[in-house]
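The block underneath contains the structure these notes are about, expressed in structure tokens.
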Amino acid sequence: MAKKIILTGDRPTGKLHIGHYVGSLKNRVLLQNSGDFDEINIMIADAQALTDNFDNPEKVRQNIIEVALDYLSCGIDPTKSTIFIQSQVPELTEMTFYFMNLVTVARVQRNPTVKAEIQQKDFEASIPMGFFSYPISQTADITAFKATTVPAGEDQEPMIEQAREIVRKFNSIYGEVLVEPEILLPKNRAQLRLPGTDGKAKMSKSLGNCIYLSDSEADVKKKVMSMFTDPNHLRVEDPGRTEGNPVFIYLDAFATDDSFAEFWPDYHNLAELKEHYERGGLGDVKIKKFLNKVLQAELSPIRARREEFERDIPSVYAMLEEGSKKAEREAAKTLQEMKHAMRIDYFEDRDLIAEQAKRFAEKYKK
Ligand code: TRP
């Protein structure tokens, strides 16, 4: 049977937050421990991060260890998953160069994720070439490992679609070498994207509305207790809205029936709690205290594991180095197959050498 291989990754531009956790990290750990996959590769996408942070390599440099610690503390286990750094696998860059021939400028311009980012970053007037080509580089990340499965958020769908097109084009021109990947989206709708603690659509470092996996217990509590809720829910007696209310969205993502049994047995489940809030007579503080308990229960083992790894940082870098070497061996194999299919593996090509030698030998035959 064909192998099932995962490749996924994150740009190291900041510490990871609970949105990353429910949206992807938690699921990666489940996938890792499911035994359903033959190979799991998790990439710290520093080269991609540089495409829009080329003027601030220090930011990327500082955040590699943060992301690695976030991975390890969530339970990504380097004995089961290969964790590596993108820039340390130069084969990816070489593959990107050949893939560039298979994509038009117009096609990248139509990529909705690229389009949105160009607007966000004010690149409209002049788009750096490196940034523009990152979907192609991302195709290399995926195909170098012959990944069948890319666990990622919805925003990555256009990237995977573009990768599939490049794979089909490569295979049809040069022969069947590469594997078409499929995206694996988070199952739970609430986990697709957590809003910020201020109610803004997205958690973002610059808005200061994130709860980080590396936050202390006190920080988490402070952030939860000052969360935005329903602005019209002024008095306890008032009916409240749960829809679009970030406290309830977080509960949707984190609270289970067991959380109620453990921390708030007055209710059996979230539906009952929501009903009470909507009816009126339930204050925000009580709900925030519950959310805090639910979050702390999830985050405290992560925090404890993080501390273990933080006490031995050189080992974390050694793990990344080993992972990067292993990833490079895999990528080199695929690149070699690609070059063979493209017939640009000249020095391995005995026929080519013999053929050319024969052609020139004719010249001197008398
Ligand atoms: N583009 C992804 C992000 O912004 C990171 C990434 C780089 C990635 N290469 C990848 C994700 C390959 C999945 C597969 O988060």
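Heavy-atom basis, side chains included; hydrogens, waters and symmetry copies ignored. Counting starts at 1 for both ligands and their atoms, following the listed order.
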_Check K286 with D266, please: is the shortest side-chain N to carboxylate O separation under 4.0 Å?_
no
Atom pairs and distances, donor-acceptor, side-chain atoms in residues 75-85, under 3.5 Å, two or more places apart:
from : atom 1 : to   : atom 2 : distance (Å)
D77  : OD1    : T79  : N      : 2.8
D77  : OD1    : T79  : OG1    : 2.8
D77  : OD2    : T79  : OG1    : 3.1
K80  : NZ     : N33  : OD1    : 3.2
S81  : OG     : Q32  : OE1    : 2.8
T82  : OG1    : K326 : NZ     : 3.0

*In terms of ring plane angle, is the pair F170 and Y174 parallel, tilted or perpendicular, where the classes change at 30° and 60°?*
tilted
*Measure up the F254 and Y21 rings against each other and bin them: parallel (under 30°), tilted (30 to 60°), perpendicular (over 60°).*
parallel
_Ring-face cation contact, F37 with K4, 6.0 Å cut, 45° max_ = yes
_Please report the interatomic distance CG(N53) to CD(Q48), rounded to the nearest 0.5 Å._
11.0 Å
_Residue contacts for ligand 1, heavy atom to ligand atom, distance under 4.0 Å_ = L7, T8, G9, R11, M43, A45, Q48, Q138, D141, I142, V150, Q156
